[in-house]
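Every heavy atom of this structure was used, including side-chain atoms; hydrogens, water molecules and symmetry mates were not. Small disclaimer: the values here were computed from a predicted structure and weren't measured.
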Amino acid sequence: MNGVILLWPIPIGTTINAQYYKKVLQDKLRPTIRKKRPGLLESGILFHHDNAPVHKARAVTDVLAGYKWELLEHPRYSPDLAPCDFHLFPKMKEHLRGQRFETEEDIIQTTKVAIKNLDKCSYVTAFKDWL
């Protein structure tokens, strides 16, 4: 609810499978949480992802069970109920609309700026509305 913790651009051509997602959780997300939100790992995390097969794979669920994060259920057949879909992405589109980019790195940097410029209060509102 306090903003984006990790922005991880996926390289073009990368296949997202359970092993890749597990590695991002272990090597990127968890260390970033520890760095950006000290104490959060110890106080408890509410974690949400949709019902994509990669999210439900045994390798991923085992890692998350080991973290003891509280998993928020995602209703079946409701891909539009993720806060990113109805809050983050539309606001990013406003910032990116009409721009042309020369490189993939230009897109990534502009997206990072768009995310950093989002009002923190709007995250709280988005998650409360979602819950």
Between Ile10 and Tyr20, is the side-chain contact (heavy atoms from CB on, under 4.5 Å) condition met? List the steps.
CA-CA 10 Å; Ile10 300 166; Tyr20 181 87; 4.1 Å; yes
Parallel, tilted or perpendicular: which fits the ring planes of His49 and Phe47, with parallel below 30° and perpendicular above 60°?
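Correct class here is perpendicular.
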Do Gln26 and Val63 have side-chain heavy atoms sitting under 4.5 Å apart?
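Yes, at least one pair of side-chain atoms sits under 4.5 Å.
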Inter-residue atom distance [X].[atom1] - [Y].[atom2], 0.5 Å rounding:
{"X": "Arg37", "Y": "Ile45", "atom1": "CZ", "atom2": "CD1", "value": "10.0 Å"}
{"X": "Tyr67", "Y": "Ile33", "atom1": "OH", "atom2": "CD1", "value": "9.0 Å"}
{"X": "Arg30", "Y": "Leu41", "atom1": "CZ", "atom2": "CG", "value": "5.0 Å"}
{"X": "Arg100", "Y": "Asp106", "atom1": "CZ", "atom2": "CG", "value": "13.5 Å"}
{"X": "Leu29", "Y": "Trp8", "atom1": "CG", "atom2": "CH2", "value": "11.5 Å"}
{"X": "Leu40", "Y": "Lys35", "atom1": "CG", "atom2": "NZ", "value": "16.0 Å"}

Please determine whether side-chain contact (heavy atoms from CB on, under 4.5 Å) holds for the pair Phe101 and Gln109, giving the CA-CA distance in whole Å, both sets of side-chain angles, and the decisive distance to 0.1 Å.
CA-CA 10 Å; Phe101 303 98; Gln109 292 307 316; over 6 Å; no
Tell me, yes or no, whether the heavy-atom count around Lys23 atom NZ, taken from other residues, nucleotides or ligands under 6.0 Å, exceeds 12.
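Not more than 12 within 6.0 Å, no.
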Return the minimal non-hydrogen interatomic distance between [X] and [Y], and the atom names on each side.
{"X": "Ala59", "Y": "Lys22", "value": "O-CD, 3.9 Å"}
{"X": "His95", "Y": "Ala114", "value": "CD2-CB, 3.2 Å"}
{"X": "Val60", "Y": "Ala18", "value": "CG2-O, 3.7 Å"}

Hey, is the main chain of [Y] close enough, under 3.5 Å, to the side chain of [X] for a donor-acceptor pair?
{"X": "Lys36", "Y": "Ile5", "answer": "yes"}
{"X": "Ser43", "Y": "Gly39", "answer": "yes"}
{"X": "Glu42", "Y": "Pro38", "answer": "no"}
{"X": "Thr110", "Y": "Ile107", "answer": "no"}

Passes side-chain contact (heavy atoms from CB on, under 4.5 Å), His55 versus Tyr21? Steps please.
CA-CA 8 Å; His55 298 157; Tyr21 187 56; 3.2 Å; yes
Where do Ile12 and Glu104 land on the side-chain contact (heavy atoms from CB on, under 4.5 Å) test, with the steps shown first?
CA-CA 9 Å; Ile12 292 173; Glu104 184 180 338; 3.2 Å; yes
Could I get the full list of side chain to side chain contact (heavy atoms under 4.5 Å, CB included) partners for Ile115, not counting sequence neighbours?
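Ile115 satisfies side chain to side chain contact (heavy atoms under 4.5 Å, CB included) with Val4, Leu7, Leu88, Met92, Thr111, Tyr123 only.
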So, using salt bridge (Lys or Arg N to Asp or Glu O under 4.0 Å) as the criterion, who are the partners of Asp62 when residues are at least two apart?
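Residues passing salt bridge (Lys or Arg N to Asp or Glu O under 4.0 Å) with Asp62: Arg58.
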